[in-house]
Q: 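For reference, the structure I am asking about is given below.
No hydrogens, no waters, no symmetry mates; every other heavy atom, side chains included, goes into these values. Just so we're clear, the structure is a prediction, and the values are computed from it rather than from any experiment.
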Amino acid sequence: MNAAPAGGRPLATLGLVATALLWGAMIPMTHALATRYFDPFFVSAIRYLIPAPLLVGMAFLFDRASPFRPPVPVAMVLRLGGGMACFSVFYTIGIMLSEPVRAAIAMSCGPLVAALLTRAMLRVPLARGFWPAAVAAVIGASLVALDAVRPGAGSAGDHGYVGEALLVLAMVSWSWYSIRVQTWLAPHGWSQMRITCLTSIAGGLLICSLFAVLAVFDPLRLPQAMPPAPAIGMLAWVGIGGAGLAILFWNYGVSHVGVPVATLYTSLAPVFSVLVAALFFGSQVTLQQVAGGILILAGVVRMQWLQMRALRAQKIV
């Protein structure tokens, strides 16, 4: 693989930081949308459908061809869309039942979940540094959990650890999708942009179908009036930003610095999430939560850094 032009690296770095900001801010915004303005299943569906036209346009731009051109393995795309749909539902309801800061810290364990699932599904060795990262995650999560049971620490509407458990299921769903995408569709010669476009649309259609069934039995799940400007702004951020532009920035960054380096930047997402939750949504951040989050992030970043060094060493050899 030829090295990307060095001149694009600063722009790639800015794009990856922007991706982390877009994804990080989604957590407190999703919590606000699902608890203050909309039904959580509606939020799950709309977050994929809002950016659909943008993703189709991006696919045309990158591939110079229609993403819907045959052949399309419809059953395979729908199964992958189902993985994305499960992720979206678990993610939205998990954040709704959790608290934004705890949700951000829980989501920072995503690389560990991905490493375990990759081991189970593909029978590949665990990533270097996995076990120290796992120990750091357990200690960090314990600090956060103990902080959550302090008198007065829970927020209104907090449901124990149900939200965090659903977020773990969300991470499992996303990791399953990410692994199966590369083993099922990438061998067909599809670009990552086309894969993302079609599976996102499939996931959105599946969640919309589920929401339509639920709305038939409970019409109050539908928005009853024009949402206020803050809700529209957050929907735009979550849909166009988090599920649309962030993918463009991610793909551009990966093309210049590679996946291992790009993945390091995603570790900034929980940091941005906590900052946005504290500054704009009034979330309480304690020193114990900060300590737990730092432990988890330190272990994950070290594991990813070791992976990046190992890949660089293989290229040199």
Side-chain angles (χ1 to χ4, degrees), residues 1-30 47-48 50-64 91 100-101 103-105 107-111 114 174 178 181 191-197 200 233-281 285 290 293-294 296-309 311-312 315:
M1 181 177 176
N2 296 330
R9 289 179 179 269
L11 190 58
T13 298
L14 288 175
L16 290 169
V17 172
T19 297
L21 173 61
L22 288 167
W23 284 345
M26 279 177 57
I27 291 178
M29 289 186 183
T30 300
R47 70 187 296 266
Y48 279 129
I50 286 177
L54 177 63
L55 290 175
V56 172
M58 288 164 57
F60 270 106
L61 178 65
F62 277 87
D63 296 340
R64 307 287 184 180
Y91 175 87
V101 173
I105 294 172
M107 292 297 291
S108 69
C109 296
W174 182 257
S178 300
V181 152
S191 69
Q192 296 301 313
M193 198 65 254
R194 186 186 184 193
I195 288 172
T196 302
C197 174
S200 294
M234 286 187 285
L235 278 178
W237 184 290
V238 169
I240 298 174
L245 291 176
I247 297 174
L248 175 61
F249 296 153
W250 171 259
N251 287 336
Y252 181 82
V254 167
S255 70
H256 282 78
V257 303
V259 173
V261 177
T263 304
L264 285 172
Y265 285 91
T266 63
S267 297
L268 292 171
V271 178
F272 284 128
S273 181
V274 171
L275 289 175
V276 171
L279 292 175
F280 299 103
F281 294 91
V285 183
V290 171
I294 289 175
I296 295 171
L297 280 176
V300 168
V301 169
R302 179 179 179 274
M303 180 184 73
Q304 293 171 331
W305 181 258
L306 290 175
Q307 286 181 284
M308 183 182 68
R309 289 182 57 189
L311 285 174
R312 285 181 173 174
K315 290 180 181 178

Q: Closest heavy-atom contact between Leu54 and Ile240?
A: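 Looking at all heavy atoms of both residues, the closest pair is CD2-O, 4.1 Å.
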Q: Ignoring hydrogens, what is the shortest heavy-atom contact between Ile27 and Ala104? Give both atom names and the distance.
A: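 Residues Ile27 and Ala104, closest heavy atoms: CD1-CA, 3.7 Å.
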Q: Measure the shortest side-chain to side-chain distance between Met193 and Ile247 over non-hydrogen atoms and say whether it is less than 4.5 angstrom.
A: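 Of all side-chain heavy-atom pairs linking Ile247 with Met193, at least one is under 4.5 Å.
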Q: Taking side-chain contact (heavy atoms from CB on, under 4.5 Å) as the definition, give me every residue that meets it alongside Val290, ordered by chain and number, with sequence neighbours left out.
A: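 Applying side-chain contact (heavy atoms from CB on, under 4.5 Å) to Val290 gives Val285, Ile294.
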Q: Identify the heavy atoms of Gly241 and Leu22 that sit nearest to each other, and give their distance.
A: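 Shortest heavy-atom contact: O-CD1, 3.7 Å.
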Q: Report yes if the side chains of Val271 and Leu275 come closer than 4.5 Å at any heavy-atom pair, otherwise no.
A: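 A side-chain contact under 4.5 Å exists here.
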Q: Side-chain contact test, heavy atoms from C-beta onward, threshold under 4.5 Å: evaluate it for Met29 versus Phe280 and give yes or no.
A: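 Of all side-chain heavy-atom pairs linking Phe280 with Met29, none is under 4.5 Å.
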Q: In the structure I gave you, are the side-chain heavy atoms of Phe249 and Leu14 within less than 4.5 Å of one another anywhere?
A: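 Not in contact.
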Q: Over all heavy atoms of both residues, which pair between Pro111 and Val300 is shortest? Give the atoms and the distance, please.
A: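 For Pro111 and Val300, the tightest heavy-atom pair comes out as CG-CG1, 3.5 Å.
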Q: Side-chain contact, heavy-atom cut-off 4.5 Å: Pro270 with Leu297?
A: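 Counting from C-beta outward, Pro270 and Leu297 do come under 4.5 Å.
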Q: Shortest non-hydrogen contact from Ala246 to Thr19?
A: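 What the structure gives for the nearest pair is O-OG1, 3.4 Å.
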Q: Partners of Val56 by side-chain contact (heavy atoms from CB on, under 4.5 Å), sequence neighbours excluded?
A: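 Partners of Val56 by the side-chain contact (heavy atoms from CB on, under 4.5 Å) criterion, ordered by chain and then number, come out as Phe60, Pro67, Phe68, Cys197, Ile201.
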Q: If you count the non-hydrogen atoms of other residues, nucleotides and ligands that lie under 6.0 Å from CZ in Phe281, is the total more than 12?
A: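 Atom CZ in Phe281 is packed in, count exceeds 12.
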Q: For the CG atom of Leu245 and the CH2 atom of Trp237, what is their distance to the nearest 0.5 Å?
A: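 Interatomic distance, Leu245 CG to Trp237 CH2, rounded to 0.5 Å: 10.0 Å.
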